[in-house]
2 protein chains.
Amino acid sequence: MEQNLEQTLALLGRTPSVLNALLRDLPEEWTTRNEGGDTWTPIEVVGHLVHCERGDWLSRARIILESGETRTFDKLDRLGHLKESAGVPLAGLLDEYSRLRAKNLEELLAWNLGPAELALRGSHPAFGAVTLSQLLAAWTVHDMTHLHQIARMLAWQYRDTVGPWSAYLGVLHCTGHSGS
Amino acid sequence: MEQNLEQTLALLGRTPSVLNALLRDLPEEWTTRNEGGDTWTPIEVVGHLVHCERGDWLSRARIILESGETRTFDKLDRLGHLKESAGVPLAGLLDEYSRLRAKNLEELLAWNLGPAELALRGSHPAFGAVTLSQLLAAWTVHDMTHLHQIARMLAWQYRDTVGPWSAYLGVLHCTGHSGS
């Protein structure tokens, strides 16, 4: 569907409470195990979301508004959260994610973006020209990517425990994410 | 990981509040659109979860405890919810899901299941012998399958809106579910 700022904000605004409902106080066996090898754990995904909330989506939107295509976005450090949030307990990460998201959406709302601003272009280090509308949609789908990933991570812990039911459970057959 | 009833209950107990945080009062553009063709919408997924909560998982667990392998489970009508919940608003479905899940987990807890009961076997119409432990794990992973699916359905609505970011967003490349 077309970019609709009200709909985008409605979904962006609720991701912190969704992850809070899913992960806060969940036994550590669910939240600290990964999918094998160097994959992430649910706690690391929340750390990554905090990291993106601090320096990625809204900062890039601001660059588009201020500099258009003349200033290429900084590259995102996809492993930045591993240093930044090492040792921070899950509850603290969830609190921080919720706080930063609320603050970011407040700023976004205050910009009063209309169709002209949404069509403004910026320069992505890998893709080249992107619009502000695409960036806001990608922010939203990035939330869904990680919710989707966390559901898969939790399911993965019981991949053998379900026995023959595995065949019927789509989440155990998802290949939509790379190693992390 | 091994079946652990406390951990299973911790996850089963929170799915209604996760879906509530994600879907209640979300604009209809997100909740009433499907992924094309005869796929389901998020509202239909919640209807399916209500349907399963009414007649599937706990009923089958009860059959294992009462009759073991001598009574094959009834087949689940995967489209049963379409009649049952047609016209019921999303808020009503979420309320019903939450009420039924709480009631079912209360009954499950009251059974005081130990290792001997978890190892009991029942007869699945497609797989044959399954254990009560496998059934409880599958119930949990079934929740995660549908959370995973709903995240994908929501993301799908913005699949074109994200422009070139599509390449980086794993949820747009998930093939873990069939048509529904």
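Each chain gets a letter, A, B and so on, in the order its sequence line appears, and its residues count up from 1. Worth saying up front: this structure is predicted, and the values here are computed from it rather than measured.
- The candidate from A/Ala10, A/Ala138, A/Ala129 with the greatest count of non-hydrogen atom pairs under 4.5 Å with chain B is A/Ala138.
- Against chain A, the residues from residues 60-68 of chain B that qualify, each with a non-hydrogen atom under 4.5 angstrom away, are B/Arg60 in number order.
- Under the 30°/60° scheme for interplanar angles, the aromatic rings of A/Phe73 and B/Trp165 are found to lie parallel.
- Residues satisfying the salt bridge (Lys or Arg N to Asp or Glu O under 4.0 Å) criterion with B/Asp160, sequence neighbours excluded, are absent altogether.
- Between chain B and the residues A/Ala167, A/Ala137, A/Gly163, A/Ser166, the largest count of heavy-atom pairs under 4.5 Å involves A/Ala137.
- Checking B/Gln7, B/Glu2, B/Met1 one by one against A/Gln157, the side chain to side chain contact (heavy atoms under 4.5 Å, CB included) holds for a single residue, B/Met1.
- Contact count against chain A (heavy-atom pairs under 4.5 Å) is highest for B/Tyr168 among B/Tyr168, B/Trp139, B/Trp156.
- Contact tally against chain A (heavy-atom pairs below 4.5 Å) for B/Ala21, B/Ala126, B/Gly13, B/Ser133: the top residue is B/Ala21.
- For the pair A/Met144 and B/Leu154, the tightest heavy-atom approach, listed with the atom from each and the gap, is SD-CD1, 3.8 Å.
- Considering all non-hydrogen atoms of both residues, A/Thr145 and B/Leu169 come closest at OG1-C, 3.6 Å.
- Under a hydrophobic-cluster definition in which Ile, Leu, Val, Met, Phe, Trp and Tyr are linked whenever side-chain heavy atoms come within less than 4.5 Å, directly or via other members, A/Leu76 and A/Phe127 are assigned to different clusters.
- Remark: the B/Thr8 side chain and the A/Tyr158 side chain contain an N/O donor-acceptor pair separated by less than 3.5 Å.
- Within residues 25-33 of chain B, the residues having any heavy atom closer than 4.5 Å to a heavy atom of chain A are B/Asp25, B/Leu26, B/Pro27, B/Glu29, B/Trp30, B/Arg33, listed by residue number.
- For residues 115-138 of chain B, every residue pair satisfying the salt bridge (charged side-chain N to carboxylate O under 4.0 Å, His left out) rule, not counting sequence neighbours, is listed here: B/Glu69-B/Arg121.
- Interface check for chain B: of the options A/Arg159, A/Glu6, A/Arg24, the most heavy-atom pairs under 4.5 Å are formed by A/Arg24.
- Taking every heavy atom of both residues into account, B/Arg14 and A/Leu23 meet most closely at NH1-C, 3.7 Å.
- Heavy-atom contacts from other residues, nucleotides or ligands closer than 6.0 Å to CD of A/Glu107 number more than 12.
- Proximity to chain A involves both the backbone and the side chain of B/Leu135, based on heavy atoms less than 4.5 angstrom apart.
- In this structure, chain A has heavy atoms under 4.5 Å from both the backbone and the side chain of B/Leu11.
- Most heavy-atom pairs under 4.5 Å with chain A: of the set B/Asn20, B/Leu172, B/Val18, B/Leu136, this distinction falls to B/Val18.
- Interatomic distance, A/Gln149 CD to B/Cys174 SG, rounded to the nearest 0.5 Å: 12.0 Å.
- Annotation: side chain of B/His124 is not in contact with side chain of A/Pro164 (no heavy-atom distance under 4.5 Å).
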Requested in this report: Output, in order, the C-alpha distance, side-chain angles, deciding distance and verdict of side chain to side chain contact (heavy atoms under 4.5 Å, CB included) for B/Leu22 and A/Leu147.
Outcome: CA-CA 10 Å; B/Leu22 182 59; A/Leu147 176 60; 3.9 Å; yes

